[in-house]
Amino acid sequence: MMRLFGRRQANQSDHGLYVPTMDGPLRPNDHLDRASIIWTGAHIDDLAVLNGELVFTSENRLLSLRAEDGEVTLIKAFDRPITALAVAASGLLAIALFGEGLRLRSADDQWQQIALSEKHSACVTALHFDADDGLYCAIGSNANPISAWRRDLFEHHSHGEILFVQPAQAKVRSVAGDLQYPAGLVLDGNGDIIVAEAWAHRVVALSPQGALKRTLLADLPAYPGRLSVDGEGHYLVSLFAPRRQIYEFILREPGFLQDMLAKLEEDEWVGPTYGRPRSANYPLLQGEVRQMGVMKPWAPSSSYGLVISCDGDFAPLESWHSRADGQMHGISAALRFGEHIVAASKGSGSLLMMRAGASDEQ
Amino acid sequence: MTSIPVVTPRRYRIFSARFLGELLTKSWIDSVIPAAVLLVMVIIISILIPGFFSLGSLSDQSRQLSEFGLLAIALTIVLLSGGIDLSIGSMFALCVLVALTMMNVLGVSIYLAFGATLLAGFLCGALNGILIGYIGLRAFITTLVTLVIFRSIYDIAFPRLASGIVGGFAESALWDFIGFGEYMNLPVSFLIFAVIALFAHVMLTRLRIGWHIRAVGGSRKSAHNSGIHVKRTVAIAYICSGLLTATAAFLFSARLGSTGSDTGIGLEVQVLTAVVLAGVSLGGGRGSVGNALIGAALVLILTNALIRFSVPGNVNQLVLGLVLIVAVIFDAKWVKNRQKILGKVYVSPTYMALDKAPAITDGSVFAVNDLLGNAEIIGQGTVEGPEDVILDRQGNLYTGTRHGEIVRFFAPDFVRHEVFAQIGGHPLGLAFDGSGNLLTCVGGMGVYRVSTDGVVSKVTDETDRSLTSIIDDSRLRLPDDLDIAPDGRIFFTEATKRYEMTEWAVDALEGRGNGRLLEYDPKSGKTRTVLKNLIFPNGVTICPDGNSLLFAETWACRINRYWFAGPRKGRREIFLDNLPGYPDNINRASDGGYWIALLGMRTPAFDLTMQHPSFRRRMAVRIPADQWLFPNINKGCVIKVNGDGKVTQSLWEAAGEQLPSVTSMREHRGWLYLGGVTNNRIGRIRLAEADENWDANTAYWGPSS
């Protein structure tokens, strides 16, 4: 009966334009802006812990930070950007180089190279080792390189894959495919592969054979990126860009979308970004207008900072935000480092450190 | 589809979708559906029952309509005041009894009889009015009780008087004339009814008591807070009902000459059906005499048609009851959803293709610099929304705020300030006339004048109404900027006539030519529209030649020149086209050129959306205004053009924090003063090459006397 008086076609209903409000454990705060900045540099991307030191990537450099005094040393610089990083329990370290493939470093500083196909190596978003030093790679899309992630979002692609690599034999095999931009990858205690499907704004669990088992975290208000797990089995989800109703609306307007992708430069598109848009040509939304000198925190900015910590069943426990008037946007990775949580804000180029359970202290 | 076909822009010029939205804003739109239903019913019945609308039948029906229509108007007035009158039927019967007793039994003069009938109606209505209005009882139960009371009085009195009424004979020519006579081929009772209906309409729509009745019905509490005497108004509504019922009863008595024991039974249901069917809201506050007439005609025609079809009386009642249910449901849904429908339908974007914006790259005259970066800040936090700034001959700075004030900052350091005048609205454009009076365009109100000692007076708030506009465009919704010609004529712009001051952003989304240039002549005191269909006309300035003016069309990103005097009078041409931003105010510079404020910059994405009108319409309907694509007014600048329209310089603040959006700038004695409508401060910078002795007041009106 309702359909008789309601919308004519499914894609004309307002239902799909709904972006969930952030409430409960996801209630907005400014913890990311209040966190201490322990390092700044362009394109901070991925994080890992190796022998008690924090290892992180910045553009084409692999760096390490010592906990005691905060000193940062360069491990190695490469000729291509590093797109992902992982460290195994045995001390084996893996990075993904854009356009080339994987490089692994053993505990005794021996480097090994594993090539990936051209399409795969252009879009490695996340890496994770299992208990036997087998490496899982998340390929965001085999249609677009990682730098064209916005194009992949707007073209509604589900060309993401999960690969499994045995470093000893240098064999690469595909575990799962047709995923909507897997941007985060972690293994849970039972061997299931937990994947953050960014464009589907959800976190799902796949069986070791790659079949979808269940959805762990759905209807996220932002696009989920890298995942990490700590010793207690708690997870940290970094969400790298916000969802907005206008972006959902544009995704449902094929005529305008086609025109926008064809006629405008990438930095002129309407869509989510890692950080504050650099280009003066970036479009503004009405709620982002500065009134009386103030940018309101709930403005629909194109970037946002959000880290969520979840328990073993992926129920959200607490969250750290940087709102529209903050700077620490585009969190590309976060992990537990001793008593603290370290987050990489790719949007502002800062490495942040905050205490776990900090939301109670404010 | 990669490019817009050529036919699209033409289609948007011919078929304008905005008419539907504008029609829905009209107050009489509620009557359109019932009027259409009436028309359809008349057509169907005249086909099914030939001769239904013959002259003789029409004559009798119009007499019935007169009585029924008066009852409908009575009930409409009571419904409008937020109450209900179920005792109408019994009041009617009682008044008929009084009239017939006076005329047939007592044989008094017709005037006395009419007076007595009116008195009866007055007393009945006053009883209702006092119980409901003054004592505060609920209308429904009270009128239900008075229905019983009046009916009982009638049932007691009627048997005693029946033989006298039937046996008696009224000897009055006027009585017969009212009952059966015709004047100019129209029944007399119908003419009487028409006069009363006209008066009732005027009372309800134009007289204060009518406004009070509607206000009380619309929102009792707000009416009380506005100072309306609610109790008295409600009582008056019931008394009106009683008087109109008495008049209807008088006409009925004159027509039929006698009465029965079932006179007026069920009449209240019929009348209620009629008025609710035609759109008078049961909740109060909405309705008109027109609704009452349409409803009365509908029910009367329906009832008579059913009788002609030999439908028995009780089935007739059943049909009416079902019709009433449908009408009540429709009324409830319409009242709830009208605003929602209007909101979805009103915004009608159109197609607008701008040329590719000039690049703001290094080397171009629009390259971003930081010339405004060291601006001195005046009045931070003390003024909100200083859209325009102006200085008088003594160098004091004036600006309007969104609190409706004109604030004056005293020279030379602009620290001490005071509220110079309180006007209301949001004073936007400012100009000084030859006598030193400050004229201002007040958004939401009109053009106002503030004398040198702070006395506020209105210059104009209306213009001539164009015949082709559905919206009443004789009133000014958003007067934006003004300037004064050498002969004292005031030229001012109205940015948009489809949106209020608070919704100006929606006009950006429409991109229609909703604005106009107007002229006020102080000699005649008249305002007239000079140019129409302009795309958000904003800043105005009179050129140094005194014969022409420049005005900005904001969303079209261009400046136009219009000659209002001299040999080229009436001509209009583009002065500067394809700006990289949205021009706001324009003011003269000391070297014969002009300063233009760009309140925001164009972005390729927004320019692209202007070529997709249905995309913008769906965006306006489906997502909240907070997330609409918008011109980038977080980054504005000031540009300098010479007298021929060539841009010679641009001034920016690179960080965009102190003066993100500049809506106006004023050069005065070597300084440039900057204001922004979304800001809470004024800025000023030193102009190194400018004439230190130049000020606009001298340039316009000569040296001070």
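Small disclaimer: the values here were computed from a predicted structure and weren't measured.
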Does any heavy atom of chain A fall under 4.5 Å from the side chain of [X], the backbone, both, or neither of them?
X	result
B:V677	backbone
B:R618	both
B:T609	both
B:P604	both

Would you indicate whether the side-chain heavy atoms of [Y] and [X] approach each other to under 4.5 Å?
X	Y	value
A:I250	B:F615	yes
B:M619	A:I246	yes
B:I623	A:L17	yes
B:Q611	A:K263	yes

B:H612 and A:F256 aromatic ring geometry - parallel, tilted or perpendicular at 30°/60° bounds: perpendicular
B:N634 side chain vs A:E288 backbone, donor-acceptor pair below 3.5 Å: yes
Between CE on residue A:M295 and CD on residue B:E657, distance to nearest 0.5 Å: 10.0 Å
Spacing of A:R290 atom CZ and B:N680 atom CG [to the nearest 0.5 Å]: 11.0 Å
Considering all heavy atoms, the nearest A:M292-B:R681 contact: O-NH2, 4.4 Å
Nearest heavy-atom neighbours spanning A:Q286 and B:F630: N-CB, 3.7 Å
Side chain / backbone / both / neither for A:Y247 at chain B, heavy atoms under 4.5 Å: neither
Verdict with reasoning, A:V19 to B:Q627, per side chain to side chain contact (heavy atoms under 4.5 Å, CB included): CA-CA 12 Å; A:V19 171; B:Q627 302 212 16; over 6 Å; no
Heavy-atom pair count under 4.5 Å with chain A, highest-scoring of B:P624, B:G600, B:P660: B:P624
Contacts of residues 503-511 of chain B with chain A (heavy atom under 4.5 Å): B:A505
